[in-house]
Amino acid sequence: MEKIIDEQLQGSALERPERLGNTKKLFIESYGCQMNFSDSEIVASILAKEGYDTTTDLNQADLVLVNTCSIREKAEQTVRKRLETYNAIKKTNPSMKVGVLGCMAERLKSKFLEEEKIVDLVVGPDAYKDLPNLLDEVEAGREAVNVILSKDETYGDVAPVRLGGNGVTAFVSITRGCDNMCTFCVVPFTRGRERSRDPQSILEEINDLAVKGYKEVTLLGQNVDSYLWYGGGLKKDFKNASEMAQATAVDFAQLLDLVATTQPKMRFRFSTSNPQDMTRSVLHIMAKHPNICNYIHLPVQSGSTRILEAMNRQHTREEYMALIDDIRKIIPDCGISHDMIAGFPTETEEDHQDTLSLMEYVQYDFGFMFMYSERPGTMAARKMEDDVPDAIKKRRLTEIIELQQKHSALRTKNFVGKTVEVLIEKESKKDPGFWSGRTPQNTVAVFPKEHYKPGDFVMVHIEECTSATLIGKAVQMGNA
Ligand code: SAH
Ligand code: F3S
């Protein structure tokens, strides 16, 4: 059940240890997708050089930044409420500055700055390197805004400051932006064109994490399967064969192969996969490497081919099912999760039944399920009427969630009696005597702490379960 809630709306403030010499305090809060949380680590790194340490105490902050999400209307409303809170504090501490980062920056810059005057600083997802200049502008009492989207900024040269994490698992972004133009989605407008990051800088960041003791890395992108990096160049431009090998085109399957081979002691995940771009070679690379987790987040959005077409998803229901069949064949114990939208324009009861029957076919481990929310500027908003009444959207969403809970319970039950490898991440929230971690399939497992510690790979015998959590007992250390 934990995984079914709209976790995209849960903000969290991040803190890192004090750094000598830094005197100013930054309070940074992130909403939305993992990419935003990852971007906040880049922002913290850029601002550390400007003399800022992070704090989780709003009242101590010299600078408050909120990394925002525009994906659904509800996400934007949550951020607006937070801005009201910041402004209330600002009344008692007028020197405190407030800035908006991320997806809402692009959409609402003039509104924030001119009409409402509730923020001092507006910075879009590709302009974080401009933050030092923008802060100077704020200090000089001028309007500070940069929402220019870039075709090539990947922040590959910024070493993120790891914030608020568990020291065991981390995210590393490999692409930015998205070119897919799903008709409901605001991301291509707020985050711009898709670009891939230099594999060398990805490997370096992962190596740095390994040295610091991290055990699991999730490669991040709006659409990781379309990762493609061209080094280009001519043979004569390279000193030796290995330098040249690094400089030729690398696709996502090759990148996965590269990271898994380079760091055999680390576990790898990736998110998000797009059915239209996921290649069979990715599945074979997953099967080849025991340290690539057998788990795929494969959003489908609808089970109806007609709705998929209206959403500009470039595959049919049958093609998606064929991909699922291949996943099950090539990686028999693969965990699969989904994103689903209820009540896209023109969705009929029959389309909705197609969604439920597709879910029956796949039997997903878990999913993120949403009511359609019209986003200004998207193709769906421009060309289609948001014509499914709210009550019907709600009812369909409830049916989708209930079916998912049934499948999740079946899936977790399947693990009872088996022994699975769990990477310990942190103490269980419900019981301080238990560790909490995840299986390769991305299912949460808890078990008594005994002498184990975070970062250990442990073989856990599963004794019971809820629909979202496995409960067991450690039997021995794992292999990794
Ligand atoms: N490829 C991205 C998708 C980001 S949006 C990724 O990395 O996950 C995450 C999910 O939000 C989408 O898969 C979709 O299910 C949902 N979503 C996006 N736009 C939406 C909208 N307008 N209304 C409701 N849900 C939406
Ligand atoms: Fe959005 Fe579709 Fe890209 S959901 S992020 S446009 S793959």
Side-chain angles (χ1 to χ4, degrees), residues 3-6 8 70-75 178 180-188 222-223 225 272-278 296-328 336-411:
K3 284 177 183 150
I4 292 170
I5 57 167
D6 192 348
Q8 310 219 0
S70 285
I71 201 78
R72 283 168 293 276
E73 199 182 343
K74 213 165 124 199
C178 186
N180 274 1
M181 299 301 276
C182 302
T183 56
F184 53 82
C185 186
V186 80
V187 170
Q222 301 296 341
N223 178 13
D225 304 285
T272 296
S273 296
N274 191 304
Q276 77 192 51
D277 297 309
M278 181 160 220
I296 302 174
H297 181 53
L298 198 63
V300 64
Q301 320 296 0
S302 167
S304 150
T305 296
R306 189 184 69 81
I307 294 293
L308 288 171
E309 198 176 327
M311 289 174 161
N312 193 32
R313 305 283 289 184
Q314 305 283 317
H315 62 84
T316 61
R317 167 190 175 91
E318 288 71 28
E319 283 163 340
Y320 185 86
M321 287 161 122
L323 177 56
I324 295 287
D325 292 346
D326 284 347
I327 294 170
R328 300 263 185 245
I336 306 177
S337 59
H338 66 102
D339 290 347
M340 203 71 85
I341 296 178
F344 185 77
T346 77
E347 186 187 74
T348 62
E349 214 44 46
E350 202 185 330
D351 295 318
H352 171 59
Q353 289 305 323
D354 282 349
T355 292
L356 297 178
S357 72
L358 180 75
M359 290 175 70
E360 286 288 8
Y361 185 82
V362 183
Q363 307 240 331
Y364 293 101
D365 292 61
F366 58 91
F368 301 95
M369 296 152 277
F370 313 101
M371 276 197 291
Y372 173 67
S373 162
E374 187 177 86
R375 306 314 294 134
T378 58
M379 211 40 139
R382 280 188 276 157
K383 298 268 155 96
M384 306 183 83
E385 193 192 334
D386 184 5
D387 61 355
V388 179
D390 254 18
I392 294 183
K393 279 187 192 167
K394 258 188 208 135
R395 196 253 305 150
R396 289 181 187 163
L397 179 65
T398 306
E399 287 175 12
I400 289 170
I401 290 174
E402 280 171 1
L403 184 59
Q404 184 52 55
Q405 273 178 284
K406 192 179 110 192
H407 291 156
S408 296
L410 285 175
R411 287 262 158 218

Given Asn223, which of Asn274, Thr272, Asp277 fulfils the side-chain hydrogen bond (donor to acceptor under 3.5 Å, both in side chains) condition?
-> Asp277
Can you measure from CG (Leu403) to CE (Met359) and round to the nearest 0.5 angstrom?
-> 4.5 Å
Side-chain contact, heavy-atom cut-off 4.5 Å: Asn180 with Val187?
-> no
Asp387 side-chain N/O to Thr346 backbone N/O, donor-acceptor pair under 3.5 Å = yes
Inter-residue atom distance Leu358.CG - Met340.CE, 0.5 Å rounding | 6.0 Å
Pairwise side-chain contact, Val362 with Arg328, heavy-atom cut-off 4.5 Å (strictly under) = yes
Would you say the side chains of Ser357 and Gln353 form a donor-acceptor pair under 3.5 Å?
-> no
Can you see which heavy atom on Ser304 is nearest to which on Ser302, and at what distance?
-> N-OG, 3.0 Å
Using distance alone, with no hydrogens and no angle criterion, decide if Asn312 and Gln314 have a side-chain donor and acceptor under 3.5 Å apart.
-> yes
Of the options Phe366, Phe368, Tyr364, which is the one that meets His297 in a ring pair (Phe, Tyr, Trp, His ring centres under 6.0 Å)?
-> Phe368
Name all pairs fulfilling the salt bridge (Lys or Arg N to Asp or Glu O under 4.0 Å) condition that reach into residues 354-370, sequence neighbours left out, sorted by first residue then second.
-> Glu360-Lys406, Asp365-Arg411
With a 4.5 Å limit on heavy-atom distance, are the side chains of Gln301 and Cys182 in contact?
-> no
Keeping the roles fixed (side chain from Arg317, backbone from Gly303), state whether a donor-acceptor pair exists under 3.5 Å.
-> yes
Find the distance between CD1 (Ile341) and CD1 (Ile307) and round it off to the nearest 0.5 Å.
-> 10.5 Å
Sub-4.5 Å side-chain heavy-atom contact between Tyr320 and Thr305 = no
List the steps, then state whether side chain to side chain contact (heavy atoms under 4.5 Å, CB included) holds for Leu308 with Thr316.
-> CA-CA 7 Å; Leu308 288 171; Thr316 61; 5.7 Å; no
Are any non-hydrogen side-chain atoms of Arg313 and Pro275 less than 4.5 angstrom apart?
-> yes
What's the spacing between Thr355 OG1 and Ile400 CD1 if we round to 0.5 Å?
-> 5.5 Å
Any side-chain heavy-atom pair from Lys383 and Thr183 closer than 4.5 angstrom?
-> no
Tell me, with the steps shown, if Asp339 and Val300 meet side chain to side chain contact (heavy atoms under 4.5 Å, CB included).
-> CA-CA 6 Å; Asp339 290 347; Val300 64; over 6 Å; no
For the atom pair CD (Gln276) and NE2 (His315), what is the distance rounded to the nearest 0.5 Å?
-> 6.5 Å
So the salt bridge (Lys or Arg N to Asp or Glu O under 4.0 Å) pairs with at least one residue in residues 394-404 (sequence neighbours excluded) are Glu347-Arg396, Glu349-Arg395, Glu349-Arg396, Arg395-Glu399
Sub-3.5 Å donor-acceptor pair from the side chain of Asp326 to the main-chain atoms of Leu323, do we have one?
-> no
Given the rule in the side chain to side chain contact (heavy atoms under 4.5 Å, CB included) test, do His352 and Ile392 qualify, once you have shown the distances and angles that lead to the verdict?
-> CA-CA 11 Å; His352 171 59; Ile392 294 183; over 6 Å; no
Side-chain donor-acceptor contacts of residues 370-381 below 3.5 Å, not counting sequence neighbours, with atom names and distances?
residue, atom, partner, partner atom, Å
Ser373, OG, Glu73, N, 3.0
Arg375, NE, Ser70, O, 2.8
Arg375, NH2, Ser70, O, 3.3
Arg375, NH2, Glu76, OE1, 3.4
Arg375, NH2, Glu76, OE2, 3.2
Thr378, OG1, Arg375, O, 2.7
Thr378, OG1, Ala381, N, 3.3

Whether Ser273 side chain and Asp225 backbone form a donor-acceptor pair below 3.5 Å | no
Just wondering, more than 12 heavy atoms not from Glu309 lying within 6.0 Å of its CD?
-> no
